[in-house]
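Here is the structure we will look at.
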Amino acid sequence: MTVHWSRIAIYAVLIVFAALYLMPIYVLLVTGLKSFGEVRLDQMWDLPSRLRFDSFREAYNSLDSNLANSFKMVIPATLISCMVGSINGYVLTKWRFPGSNVVFFLLLYGMFIPYQSVLIPLVKTLQALHVYGSLWGLVVTHVIYGIPITTLIFRNYYANVPTELVEAAKIDGASIFGIYRRIVFPLSLPGFVVVAIWQFTSIWNDFLFAVTVTSNPAIQPATVALNNMAGSFIVEWNVQMAGALITALPTLVVYILLGRFFVRGLMAGALSS
Amino acid sequence: MARVVYEHVTKRFGDVTAVNDLSLEIEDKEFLVLVGPSGCGKSTVIRLLAGLEPLTTGNIYIGDRLVNDLPARDRDIAMVFQSYALYPHMSVFDNMAFGLRMRGTPKDETRRRVLEAAQALEIESLLKRRPAQLSGGQRQRVALGRAIVREPLVFLFDEPLSNLDAKLRVQTRAELTKLHGRLQTTFIYVTHDQVEAMTMATRIAVLKDGLLHQVGTPEELYFRPDNIFVASFIGSPAMNFVPGTLTGTAEEMTLDAGAWHIALPASRSRQLAPFTNSEVVVGIRPEDIHDPDFLPARVRGCAIQARVDVTEMMGNEKFLHLVSGTEKVLARVDPRTRARAGQDIKLMLDIDHLHVFDPKTEAAIAKIEIPEELREPPSA
Amino acid sequence: MARVVYEHVTKRFGDVTAVNDLSLEIEDKEFLVLVGPSGCGKSTVIRLLAGLEPLTTGNIYIGDRLVNDLPARDRDIAMVFQSYALYPHMSVFDNMAFGLRMRGTPKDETRRRVLEAAQALEIESLLKRRPAQLSGGQRQRVALGRAIVREPLVFLFDEPLSNLDAKLRVQTRAELTKLHGRLQTTFIYVTHDQVEAMTMATRIAVLKDGLLHQVGTPEELYFRPDNIFVASFIGSPAMNFVPGTLTGTAEEMTLDAGAWHIALPASRSRQLAPFTNSEVVVGIRPEDIHDPDFLPARVRGCAIQARVDVTEMMGNEKFLHLVSGTEKVLARVDPRTRARAGQDIKLMLDIDHLHVFDPKTEAAIAKIEIPEELREPPSA
Amino acid sequence: MNVGIRGRRLLRLATSEQAAAIALIIPSLLAVGVFVYGFIGWSAFVSVSRWDSVRPDYTFVGLDNFRDLFENFRFQIDIRNTVVFTVLFVVACLTLGFVLASLLDRRIVGESVFRSIYLFPMAVSFIVTGVVWRWLLAPSAGVNILPTKVGLRALGYGWYTDPSVTYVHSDSRLGEALHAAGLGFLANPNYGVPLAMISVVIAATWQMSGFVMVMYLAGLRAIPEELREAARVDGATETQVLRHISLPLLRPVTLSAMIILGHQSLKIFDLVISMSRRGPGFATDVPALFMFETTFQGNHFSHGAAISIVMLAAVSVLVIPYLYWSLRREARL
Amino acid sequence: GGGGGTATATPGRTVTAAAGGTATPAALSGKLEIFSWWTTGGEAAGLKALYDLYPTACPGTVEIVNATVAGGGGANARQVLTTRMLGNDPPGSFQVHMGHELTDTWVTANYMEPLDSLFTQQGWNSVFPKGVLDIVSYQGKPYSVPVNIHRANVLWYNKAVFQANGLQPPTTFDDFFAAADALKAKGITPLALGDVDAFASVQLMETVLLGSLGADGYNGLWTGATDWNSAKVTDALNTFKKMLGYVNSDHSSLSWDQANDLVISGKAAMTIMGDWLHADNKAKKFTDSGWVPSPGTSGMYDALSDTFGLPKSAPNRDAVVCWLKVVGSKKGQEAFNPLKGSICARTDCDASLFDDYLQSAMNDWKKDTIVPSLAHGAAVKQGWLTNVSDAVTAFVADKNAGTLQSRLADACKSATVCK
Ligand SMILES: Nc1ncnc2c1ncn2[C@@H]1O[C@H](COP(=O)(O)OP(=O)(O)OP(=O)(O)O)[C@@H](O)[C@H]1O
Ligand SMILES: Nc1ncnc2c1ncn2[C@@H]1O[C@H](COP(=O)(O)OP(=O)(O)OP(=O)(O)O)[C@@H](O)[C@H]1O
Ligand SMILES: [Mg+2]
Ligand SMILES: [Mg+2]
């Protein structure tokens, strides 16, 4: 094989960019491994004098129950989001009715509201629903504000699932629910992966709703606790960064494990309208 | 076990009228083939019957039941799709069993019926596979099997062979014909391939732009097309059309069509006498143009001149792409012909197989007879 | 203006050998058609030539130039894809002009050549449209036009007709033949449809599993196939094959094949004598099985018995799906036959058109002659 | 509106399975109806009220709040910032995403590793991104001192602390030309680029370009290979193939990405909060932050609501044509 | 629709609890939610010390819920608090700065209960200085219990740097600029500033205004008595502008504590910051720090105070009232303040519990003129402060004192204090 300079150049560019993309993570990691005294802005690139996981331990100790809260909220919220989006997408592609495009438009438009502007009515509404101040309140909030994006993704995804399958099942005697349960749902995995990743990440990373809806530290999600690690007083950057890494870990794991399916799901039509 | 009746059925999609005032009775146990060019509304016709689209106006009956508002699942029909629409996440067995399960058939019976159908279609060995692991032909059989196990009142087929290669298509065609004989059920079959229509149908319905153009047996459509469209659509390669004029009277009519000057025999002259001095369109099938050296004995020929443009060897026959006057004409002759590209040659038209149409209405004004040997007894 | 030479060309994709040690010389101005079943490597053969895939081993020459390492853009070839691969975001004009522009042809000349080609293909009126606004046939012409304007050394076609309907296909076939005559350039054409191969090729190359099975004129392949695969692949409907045994000596050989007991005439006996007492496979084309009532004069028949399973009316001929002993056999007979499904009937085999193969090697052991009338002078 | 006909059509539908379909979507519609449209309505209502303390006051004051808003110097800066940020961010993400995708599309060994690396920042929250980049772009640390590690001089960029705004000065050649053309008002910092914003763009691009890359990658993979092959046979070089074939065919992807990025940038909040806040002289201030502070710091509820209504209107201008276009296009297919 | 309009309703659940008025010594139970933005360090420790005192002072089984929201110098906390109050879900008690942040925001809006009977009962009217009582009161009634006092007008300097350069800590603006020039010539940043949070620059301006206009002039700014357009204000703002010429260039990227790092490391010599900086020095084990009142403000105590109040519909009202007692008690304040690094709002705390700086502050507290801090919500209502803060942010970048002055004047006008 002849060596092609153009290929070498391509790899070089890719590697340089990879390094640039990893730079922030390097800083997070290195700072997290330092002691408080070592943390100085002008020494941020230096490796820690010795490996110490104290900051991680400390961060973890102050975050662990909140991480559990996050999971308790994110998992049901993501699952429900997926189901709701999937059902909406199913109806909007396979059971179209007069005005279904308008309905889709109305649902989708919700994606674009600035969330800071709805906090006050949100709290009142959640109170009326008796879920304010609980993780379920957060679940409800995230599921509802997730409807636009999940519906969009599933609608685009289902547009590429042959309608003949649904028709064949209709003729075979299945009802609207039967078709969903036995035909459409089992074929939805790539769509679910995309939606799950998307929702998991954005719900997990949300701070605004979390801090607004839950005030009891015992039930607050990790993002709020992480934020509280930086008081108005001294910021222990090493612990802060360690905490940031710990908090980001679940989403990173999700991306690394499911990244392949994410791309595949996107290729299968999710998000390409 | 069911007649199907379309009564003034119309279906519109927005501005498009996909089916236009269709009235059609399909007898029990018939093998009706709907043909027509792409977009003519064939699929819509059977999708209306299946309950996959709501009617705009009109009525549809299955047996004696008006089914206009019946959901698909209650119509007791089965359908084979062009794409087969096999459930990709289910095994072949589950694909075939799905319809029975949905109807709550007992497990034992489901199993029995699936196995039976699989046996009949010789796909028992595939029952555990997924559709993705099957070849095109195997998928086609599974789709067929899925329809058969249901034992429905009516079978619908939407171009089920168009994804198969030529060889498999020939074979499956014959199998479908046998299946129909065995099941003794009404088949309604959509295709745009007139060969399929000719070979399998007990009756063919020709559709164009949502309108029904002619319904009849394959022989009727081949020999006695109602209009230019049917004439051109049935038969392959397609009929040649040449504009011309009729002159003369009673026993001695003459047909002038481009470079052709054809004296008609008495029998045909009589038939065409009313149209003397009219413009007409003459239709002649490629197989009715013969090389004089290999003229079959039964044929009454009439000589014409033409230049050979291209020749195509087909093994047991040869296509001659001819130019006669300004008209392009295709002839399908004995392969031993000595005609070569570029030559001017003499050819014989089968004078008893000249079709004549009105150029304005496009309707046939003089039909030919179906050769006696081909008139099958009604219930062959 | 270019010979094309494949010299021991092999192409592997991982474990799959798509092309296996192919050596093939294609003369300048030839119309070579590559046929073979799906997946046999046809596309790969021309993609290697186009420079779209790198060779694994071997050499390819265009003209006298070794092109193994030349990028596609420098090979001066044009290719028409099955999907046409029209650039959907460009007008027809831009599609056709693209290749010229990439080569820096001056604007004027680009314009002139595109218009010329468009005129020749009768698509001038479409030049401003986008591909999405064209019918299948129109797209096909644009793809053709895009190739023509380039005036390349070699034209490559990858199943360009397979997305057209039957009628258009017939028509375009003839046009391609004429185009080849007009352009006087090398055409290499891939198809899995043997009809296309038979009708257009000056020579046909038959491929299977990456291996070249036979190269020859259409007549050679039809009448004198080298092996069972070629025999079954060329001709439609396909040749029937029946296993049998040869007995007897010299002048008086007998062929026992299933229910058939065929006494061979002297000429064929002599030819087959060396194989007496061997197992053989007998091949007979459907068109060589005749209804005795309509036996053409030239045919030396030999009677067999068979039961009619299904009949298919094709207009000017009729297919009989027969069962003879345990063998399924297809016959293509005069449409006036009185044979009906379910009957036991007598049929005549054309004894001069029996093909005989070795069941192990599958090679032909006795070829028949090409009928004299079909032996065209080399440069017809 | 022909409500009667619609209603009857719906009634007829109610007899079929369509009723079940509609029933399935009604909960979502209701939820969105309340949580989106109800709340927007509430905001709109507040935006024309006099509510100016923590005690609601729904006295109608017409469009006064909007007038105040557009006269507010900070809001004017914010509009400029948002435009600058949106343009830079969208362009940067699209460019980088496309470049990376087109490189990765060339049968790269280790593609999935690269892809994961480029994509993972999306998993990180904007808040963490902000904190890290605040470090990385700190003038006395981070990227600026990176060259010192190899013995070079430290860089002197101010990054997000740089208060300068690059704009056309009235006395420059271009400025005079603008004046001459009657566009003199453009020669003003209000139509300039605040340099500090570039740092925020860098951080945001780091986070989102991987996602754009994946979208492009999926888009590239969806372009039939034959089109590119046809272009190669037609004599195009790889660059020409990219330029004349791939790029035009990716237009729908580009548009989708632009919408996703565009609406994100109009709503950007977390990142700015944790990275640079309002920045020097509001150089990195954005409407969402302004609204947040106006509402919850200043207790100007009506003004806050007015800002959100303006933001929503801006997003709508961007999005509604797109949605209309894509739904129309779909209907055509 | 997002139904507003019901915000004034008092939920029924608190009616019975409210009947108690002053505490009945029955055992307390249930949850008590204390809302603050004290999440880390000394302030969190101080808060915890108060919590620890609670069970002894208030017997029962009350479970304290420590609802904290950090970030943005209390901005996040304020958002959450506002949302909750408007949503009729007040915490038991919440941290709020004394002054307008309390009165204009919550008291005038009728969200708070007056605490006059509690103050009388506990005798607090005599232990808190009059100035403080005035600031926490509205129409004569106190509405919250101050727990600490911070001073905003302190100039902190690095003693070693000053010594090495033979400088004296400046007390006037002239001294300040002279010293600054000297330091600048040496390549030392004279004044460290970290105003990533806008309050730091606002607070700097406030000390300049105070130093230039004097206590009365300064107080007059918030009542309309001092004309914002006057030449004296112009001078003050120009001084402020001049001062900004001596700050570190990356000030807008730093928080106040990061600015302090510059002083600690000797890269900068001074910083003007509230006395919470002293706790930062202690945590960073920096002992070489000196302090003087910021230029021109000797004898003036620019004060801010964290206080706790009683929301009207607070759940578990009795427990809250008892919490307020803890907060106002001598024991409570003595436990809290040494940890937090502030002095007691009460005047009777034991000085020996405090370190040297705090002791000096306690002295000043007793004798100085007390003025309310602008940047921390004591002097003006929040809407006004937001406008001031916006004007200052813009000024720090564009240095246009004229614009600043007119914007400040406008802010006063739109707060309906000036005409
Ligand atoms: N769901 C639909 N919405 C709008 N128009 C439709 C729809 N289905 C079919 N049509 C239109 O109705 C007409 C008939 O379509 P139909 O599918 O029945 O044709 P067809 O004869 O089956 O064609 P083909 O051979 O291509 O399958 C066409 O013009 C088609 O565009
Ligand atoms: N890019 C590729 N990677 C891996 N295998 C390939 C590739 N291209 C072709 N093959 C394999 O090489 C063999 C020959 O493929 P090729 O496309 O040449 O067949 P073909 O004769 O053109 O078939 P068809 O009629 O279906 O187009 C097949 O087994 C195919 O799976
Ligand atoms: Mg169809
Ligand atoms: Mg191929």
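Here is how names work: the chains are called A, B, and so on, in the same order as the sequence lines, proteins then strands, and each is numbered from 1.
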Is the closest basic N to carboxylate O distance between [X] and [Y] below 4.0 Å?
X: B/R203; Y: B/E220; value: no
X: B/D350; Y: B/R300; value: no
X: C/R224; Y: C/E369; value: yes
X: B/K318; Y: B/D334; value: no
X: B/K346; Y: B/D291; value: no

Could you tell me which portion of [X] (side chain, backbone, both or neither) has an atom closer than 4.5 angstrom to a non-hydrogen atom of chain C?
X: B/R336; result: both
X: B/E317; result: side chain
X: B/S236; result: neither
X: B/R332; result: side chain
X: B/R169; result: neither
X: B/P371; result: neither

**OP:** Quick one: which of B/M200, B/R173, B/R338 has the most heavy-atom pairs under 4.5 Å with chain C, could you say?
**Re:** B/R173
**OP:** Heavy atoms only, distances under 4.5 angstrom: which of B/Q171, B/K328, B/R298, B/M198 has the most pairs with chain C? Name it, please.
**Re:** B/R298
Subject >> Under 4.5 Å from any heavy atom of chain B - which part of C/Q194 >> reply: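 It is neither, since no heavy atom gets under 4.5 Å.
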Original post:
Say you draw a straight line from CD1 of C/I351 to CG of C/D288; how long is it, rounded to the nearest 0.5 Å?
Top reply: 11.5 Å
Original post:
Between the side chains of C/H321 and C/D309, does any donor sit under 3.5 Å from an acceptor?
Top reply: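 Judged by distance alone, the side chains do not pair up.
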